[in-house]
A.B. asks: 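Dropping the structure in here first, questions after.
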Amino acid sequence: MSSPISTYSPDLAVPADKRVFGARDLFSLWFSLGIGLMVLQTGALLAPGLGLAHSLLAILLGTAVGVLLLAAVGVIGSDTGLSSMAALKLSLGRRGASLPALLNLLQLVGWGSFEIIVMRDAASLLGSRAFSEGSLLANPLLWTLFFGALATLLAVSGPLTFVRQILRKWGIWLLLAACLWLTWNLFARADLAALWAQAGDGSMPFAVGFDIAIAMPLSWLPLIADYSRFGKHAKSVFGGTALGFFIGNFWLMSLGVAYTLAFAPSGEVNALLLALAGAGLGIPLLLILLDESENAFADIHSAAVSSGILLRLKVEHLALAIGVLCTLIACLAPLAQYQNFLLLIGSVFAPLFGVVLVDHFILRRRSGQNPASALRWPALLAWLGGVSTYHLLANLYPDIGATLPSLVLAGLLQWLLGRAFSYRQETARA
């Protein structure tokens, strides 16, 4: 009997007979990962400053650009069969990929902890609303342990079991029902025409709203190949990923904006959750709350895969340890400034994958060959240039946005430096 795929080293390509995900599998996975309480709350961040019309435009543009980049990186996983961090070795060199693997591990532990905190707060609020504030079902510690254990169990089970046995069979249908109910409730209770005509207060520039919206799909760039490496064909990987995440993310983030403006104009998280809890006896919110555990699963599993590049341990053992760590952090740490966290992730990983996309599709022409060098300095310099550009624009010119320009510039630097470096090598050999 062959070993389950979760026991394979993250450095190894997935065998052809294990690449079983089709477009429907990937649509289900990324539709689910595009939905969640954090997505609703991110929409709430945009609502006061931009208003409904400009918020929806920022979400539409940011999500559309983001999912195209996300799906393109997913194709790298299907082309090579490698996990996200292992595939970075092709662009950065064997040792050059260690730094992003470490950064990815740190940010995924943070994401996993945030997810558990968000689920805990929502479940505690629902428990106190349904029963009483001092009841057991309103206890935050109980819900922290419950959701931490659930996410860890899913992460240990691995993506094949999760997607094919849970999401594809029944999970996606429950999510669709929850989203449809929340949408119907919004149209039935809110004066959307008045909200559409109401302008934002101007506290957030449109470019910052675009950056926040594009940060949602781009935050998955360091993870996507961990799942797309199981894809049968590049075409199904690209289409299933792009369509699934776009529909889920745009739908839920837009609902977050509309519910905040209609029922929670203060913008407070608890006010938004109470407004959502009032729809359908809280059942749609409960389903989305359970779906949030899938996001935490992806964070914990991919953190284990990333740490597998640094430590020679089985992925499921690492997933167990990281799940426990995320749960402990969620027990002890408060929910920090979520907006700044999203933008910080974009500053590091958006330029990195500008480098990776140009290297894979243009310079190496989708080749999965391993580099001979331990470090590929041109790629590292291009990455550094992109990160520097991001922070320069974010601090000095916030009105024009930073995420997309830094990604494009990093890709351009990679193309120029990569071509020049390759030319010098060929000249030296001649």
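Just the heavy atoms: all of them, side chains too, but no hydrogens, waters or symmetry mates, feed the values below.
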A.B. asks: Quick one, Leu154 with Ser293, criterion side-chain contact (heavy atoms from CB on, under 4.5 Å). Give me CA distance, side-chain angles, the key distance, then yes/no.
C.D. replies: CA-CA 8 Å; Leu154 292 173; Ser293 63; 4.2 Å; yes

A.B. asks: Can you name the closest pair of heavy atoms from Leu413 and Ala382 and give their distance?
C.D. replies: CB-CB, 3.7 Å

A.B. asks: Side-chain contact, heavy-atom cut-off 4.5 Å: Leu409 with Pro351?
C.D. replies: no

A.B. asks: Evaluate the criterion side chain to side chain donor-acceptor pair (under 3.5 Å) for residue pair Trp111 and Glu115; output intermediate values, then yes/no.
C.D. replies: CA-CA 6 Å; Trp111 270 114; Glu115 298 283 3; over 6 Å; no

A.B. asks: Measure the spacing between CG of Leu404 and CD1 of Ile214 and express it to the nearest 0.5 Å.
C.D. replies: 5.0 Å

A.B. asks: Do Leu92 and Leu375 have side-chain heavy atoms sitting under 4.5 Å apart?
C.D. replies: no

A.B. asks: Please examine the side chains of Ser91 and Gln414, heavy atoms only from C-beta on, and report whether any two atoms are closer than 4.5 Å.
C.D. replies: no

A.B. asks: Determine whether a donor-acceptor pair (N or O, by modelled atom type, separation under 3.5 Å) exists between the side chain of Ser55 and the backbone of Leu52.
C.D. replies: no

A.B. asks: For the residue pair Asp25 and Val20, establish whether any side-chain heavy-atom pair is separated by less than 4.5 Å.
C.D. replies: no

A.B. asks: Search all heavy atoms of Leu37 against all heavy atoms of Ala122 and return the closest pair with its distance.
C.D. replies: CD1-CB, 3.5 Å

A.B. asks: Out of curiosity, Leu40 CG to Leu182 CG, how far, rounded to the nearest 0.5 Å?
C.D. replies: 7.5 Å

A.B. asks: Do Leu218 and Leu70 make a side-chain contact, defined as non-hydrogen atoms from C-beta onward lying under 4.5 Å apart?
C.D. replies: no

A.B. asks: Okay, side chain of Trp30, backbone of Val67: is any donor-acceptor separation there less than 3.5 Å?
C.D. replies: no

A.B. asks: If you define the side chain from C-beta out and look only at heavy atoms, does anything of Leu180 sit under 4.5 Å from Trp251?
C.D. replies: yes

A.B. asks: Is the backbone of Val109 close enough, under 3.5 Å, to the side chain of Asp299 for a donor and an acceptor to pair up by distance?
C.D. replies: no

A.B. asks: Quick check: does any side chain N or O of Ser84 sit under 3.5 Å from a backbone N or O of Ala225, one acting as donor and the other as acceptor?
C.D. replies: yes

A.B. asks: Which atoms form the tightest heavy-atom contact between Arg366 and Phe361, and what is the distance?
C.D. replies: CG-CD2, 3.8 Å

A.B. asks: Might you point out which heavy atoms bring Tyr390 and Ser347 nearest each other, and give the distance in Å?
C.D. replies: CD2-CB, 3.2 Å

A.B. asks: Are Val156 and His317 side-chain neighbours, meaning at least one heavy-atom pair lies under 4.5 Å?
C.D. replies: no

A.B. asks: What's the spacing between Leu105 CG and Ile322 CD1 if we round to 0.5 Å?
C.D. replies: 5.5 Å

A.B. asks: Nearest 0.5 Å, what's the CE-OG distance between Met85 and Ser302?
C.D. replies: 8.5 Å

A.B. asks: Evaluate the criterion side-chain contact (heavy atoms from CB on, under 4.5 Å) for residue pair Phe230 and Leu26; output intermediate values, then yes/no.
C.D. replies: CA-CA 10 Å; Phe230 300 111; Leu26 290 157; over 6 Å; no

A.B. asks: Classify the angle between the aromatic ring planes of Phe246 and Phe250 as parallel (below 30°), tilted (30 to 60°) or perpendicular (above 60°).
C.D. replies: parallel

A.B. asks: What closest approach, in Å, do Met253 and Met216 show between heavy atoms, and which atom pair accounts for it?
C.D. replies: CE-CG, 3.4 Å

A.B. asks: Does Ser124 use its side chain to pair, donor to acceptor, with the backbone of Asp121 at less than 3.5 Å?
C.D. replies: no

A.B. asks: Taking all heavy atoms of Leu108 and all of Ser306, pick out the closest pair and write down the distance.
C.D. replies: CD1-OG, 4.4 Å

A.B. asks: Is there a donor-acceptor contact under 3.5 Å from the side chain of Arg376 to the main chain of Gly96?
C.D. replies: no

A.B. asks: Report the distance from atom CG of Leu88 to atom CD1 of Ile76, rounding to the nearest 0.5 Å.
C.D. replies: 8.5 Å

A.B. asks: Which label fits Tyr227 and His301: parallel for a plane angle under 30°, tilted from 30 to 60°, or perpendicular past 60°?
C.D. replies: tilted

A.B. asks: Donor-acceptor pair, distance only, cut-off 3.5 Å: does the side chain of Thr63 make one with the backbone of Leu60?
C.D. replies: no

A.B. asks: So for atom NE2, which belongs to His391, do other residues, nucleotides or ligands contribute more than 12 heavy atoms lying within a distance under 6.0 Å?
C.D. replies: yes

A.B. asks: To the nearest 0.5 Å, what is the distance between CG on Asn295 and CD1 on Ile116?
C.D. replies: 12.0 Å

A.B. asks: Do Arg419 side-chain atoms and Leu416 backbone N/O form a donor-acceptor pair below 3.5 Å?
C.D. replies: no

A.B. asks: Between the side chain of Ser78 and the main-chain N/O of Val75, is any donor-acceptor distance below 3.5 Å?
C.D. replies: yes

A.B. asks: Would you call Ser388 and Leu392 a side-chain contact if the rule is heavy atoms closer than 4.5 Å?
C.D. replies: no

A.B. asks: Applying side-chain contact (heavy atoms from CB on, under 4.5 Å) to Arg364 and Leu90, what does each step give before you reach the verdict?
C.D. replies: CA-CA 9 Å; Arg364 288 190 291 108; Leu90 303 176; 3.5 Å; yes

A.B. asks: Which is it for Trp383 and Val348 under the side-chain contact (heavy atoms from CB on, under 4.5 Å) test, yes or no, and what are the steps along the way?
C.D. replies: CA-CA 8 Å; Trp383 181 23; Val348 175; 3.8 Å; yes

